[in-house]
Amino acid sequence: MKPVWIVDDDQAIRWVLEKALARAGVTTRSFSQAADVLAALESETPATLVSDIRMPGGSGLDLLRKIKDSHPSLPVIVMTAFADLDSTVSAFQGGAFDYLAKPFDVNEAVALIQRAVQENADADLAQTATPSEPGAERWMMTQSASTSMQEIFRAIGRLAQSKVTVLITGESGTGKELVARALHGHGARANGPFVALNAAAIPRDLLEAELFGHERGAFTGANNLRRGRFEEANGGTLFLDEIGDMPIELQTRLLRVLAEGSFYRVGGAQPVRVDVRIVAATHQPLEQRVEQGLFREDLFHRLNVIRLRLPPLRERVEDIPNLAQHFLTVSARALGVPAKRLTPEALAVLTRFDFPGNVRQLENFCHWLTVMAPGQTIDRQDLPPEIRAMEQQGAGETVVRGIATTTAPAGAESAPQSWQDSLLRDAQSRLDRGEPAIMATLTRQFERILLQTALDASRGRRVEAASRLGIGRNTITRKLRDLGIEDE
């Protein structure tokens, strides 16, 4: 059996993978730089290649491209400590079998390598398209430490070159349009137009003409022929935001366009054919809208080919420090002033905030701080009133990993509160402020607390934690990965 080749300038990473693969019965050969690999490939080939991205003397992405030119069926797994969208997309478009972000779970890494070895015969993912540069908010969709956003990056890498319809779900302010632009900008249609339309922002009577255009004289005031958004997006991508708010009668016309690839302008008699990739987004649960008769079931299934769920900011708090500093830098550049910085105390308060407005709300806070904070260093007393109010409220509450429970003042007598009472108050608070997808949010928080507590009690031993919780080892591994919990 051919060996697995490991390429990394870090001797410790090579050693860990060598030992783990040896225990799994997989032979290995290790290299510290790309040039040695290319020389060895002239005389032999491995079963799979595992390569770091950033190495002195030649990057792993350059090595990947050269390998795919000469050995297109060789599975290559890329790994890096710098988990960013560009690297992920470049890896997949360069033909990588998969992407491994450091630090990684050794057992999962071994399982991935074994799968690559097994699928070696029919693994041919070579792609040569060069990703184009996204827009001004590029940084927001290229850097993230959270596992959930890394999964989004992987999905963009796999979907960018495809024409398949994508449905993006998530709360308002999570960056759904940025994901749509990344799908377009990194794909084969990058040179075509990207056209966005918000179905909730256009009056009902005008939405049909906005989508499909109109002929001259179609209605009062239609003095000229006007092309709609579908025609404008021909050869590119049409992003339909807040698709859940589209009127039911327009949903019928949209379904016909998706099925046939043609439509009639308002007042028109000749069909207009277009080649458009559809990316739709909504903050509403479309399944409930279907049950309520507000959204066509057949259109839902037509749009729901691939679904990407964007996590709210409260589920990716590890990204708040970098996002906040980025927004402070952008805001300072726009105003022509030096960028301000957050103290550790201010940052700690900021990361405890619930951010119902998600990334957009954080961006607005940073603009406010750039203008209103008195000094170059932002302390906790300089934070916006909403955050200070939360901190003051926290004097009478205890926040446990995102769920607030009331704490009685010192010296006061009160009946002990059950966690169900705390959950009741928290759910009522979320319903009162109109927060969407409450069930999914609270379920994730409940599972996160339960898993983390079980891991703490078992000193990080997953098998013991799974046994005490009454779940299987594979289940706890999957849930830890999905929730972004690192087992230390």
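Because only heavy atoms are used, hydrogens play no part in the values below, and waters and symmetry mates are left out as well, while side chains stay in. Predicted model only: the values in this text are computed from it and were never measured.
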Notebook entry, point to check: Would you say Asn358's side chain and Leu313's backbone share a donor-acceptor pair under 3.5 angstrom?
Noted result: yes
Next item on the list: Could you give me the CA-CA distance, side-chain angles and deciding distance for Phe365 and Phe327, then say whether ring-ring contact (aromatic ring centres under 6.0 Å, His included) is met?
Entry: CA-CA 9 Å; Phe365 282 165; Phe327 288 137; over 10 Å; no
Margin query: Cation-pi check for Phe212 against Arg253: NZ or CZ below 6.0 Å from the six-membered ring centre and within 45 degrees of the axis, yes or no?
Written below: yes
Next item on the list: Check His214, Glu215, Gln270 against Arg265 for a side-chain hydrogen bond (donor to acceptor under 3.5 Å, both in side chains) and give me the one that passes.
Entry: Glu215
Note to self: Keeping Arg229 on the side-chain end and Ala196 on the backbone end, is there a donor-acceptor pair under 3.5 Å?
What the structure shows: yes
Item checked: Check: Thr441/Arg314 side-chain N/O donor and acceptor closer than 3.5 Å -> yes
Notebook entry, point to check: Hey, does the side chain of Arg277 reach the backbone of Val164 with a donor-acceptor pair shorter than 3.5 angstrom?
Noted result: yes
Check: Taking Asp105 for the side chain and Asn107 for the main chain, is one N or O donor matched with an acceptor at less than 3.5 Å?
Finding: yes
Checklist line | N/O donor-acceptor pair under 3.5 Å between Lys479 side chain and Glu447 backbone | finding: no
Check: Just checking, any donor-acceptor pair under 3.5 angstrom between side chains of Arg296 and Thr252?
Finding: yes
Note to self: Given 3.5 Å as the limit, does a donor-acceptor pair link the side chain of Asp382 with the main chain of Ala373, or not?
What the structure shows: no
Check: Once you round to the nearest 0.5 Å, how far does CZ of Arg380 lie from CG of Leu350?
Finding: 12.0 Å
Check: Hey, what's the ring geometry for Phe239 with Phe194, parallel, tilted or perpendicular (30° and 60° as the breaks)?
Finding: parallel
Notebook entry, point to check: When you measure from the side chain of Thr475 to the backbone N and O of Ile471, does any donor-acceptor pair fall under 3.5 Å?
Noted result: no
Margin query: Between Glu287 and Arg307, does the salt bridge (charged side-chain N to carboxylate O under 4.0 Å, His left out) criterion hold? Intermediate values first, please.
Written below: CA-CA 13 Å; Glu287 292 89 345; Arg307 183 187 298 207; 2.7 Å; yes
Notebook entry, point to check: Under the 3.5 angstrom rule, does the side chain of Lys340 hit a backbone N or O of Ile378 as a donor-acceptor pair?
Noted result: no
Margin query: Determine whether a donor-acceptor pair (N or O, by modelled atom type, separation under 3.5 Å) exists between the side chain of Arg273 and the backbone of Glu260.
Written below: yes
Checklist line | Exam field: side chain Gln251 to backbone Leu294, donor-acceptor pair closer than 3.5 Å | finding: yes
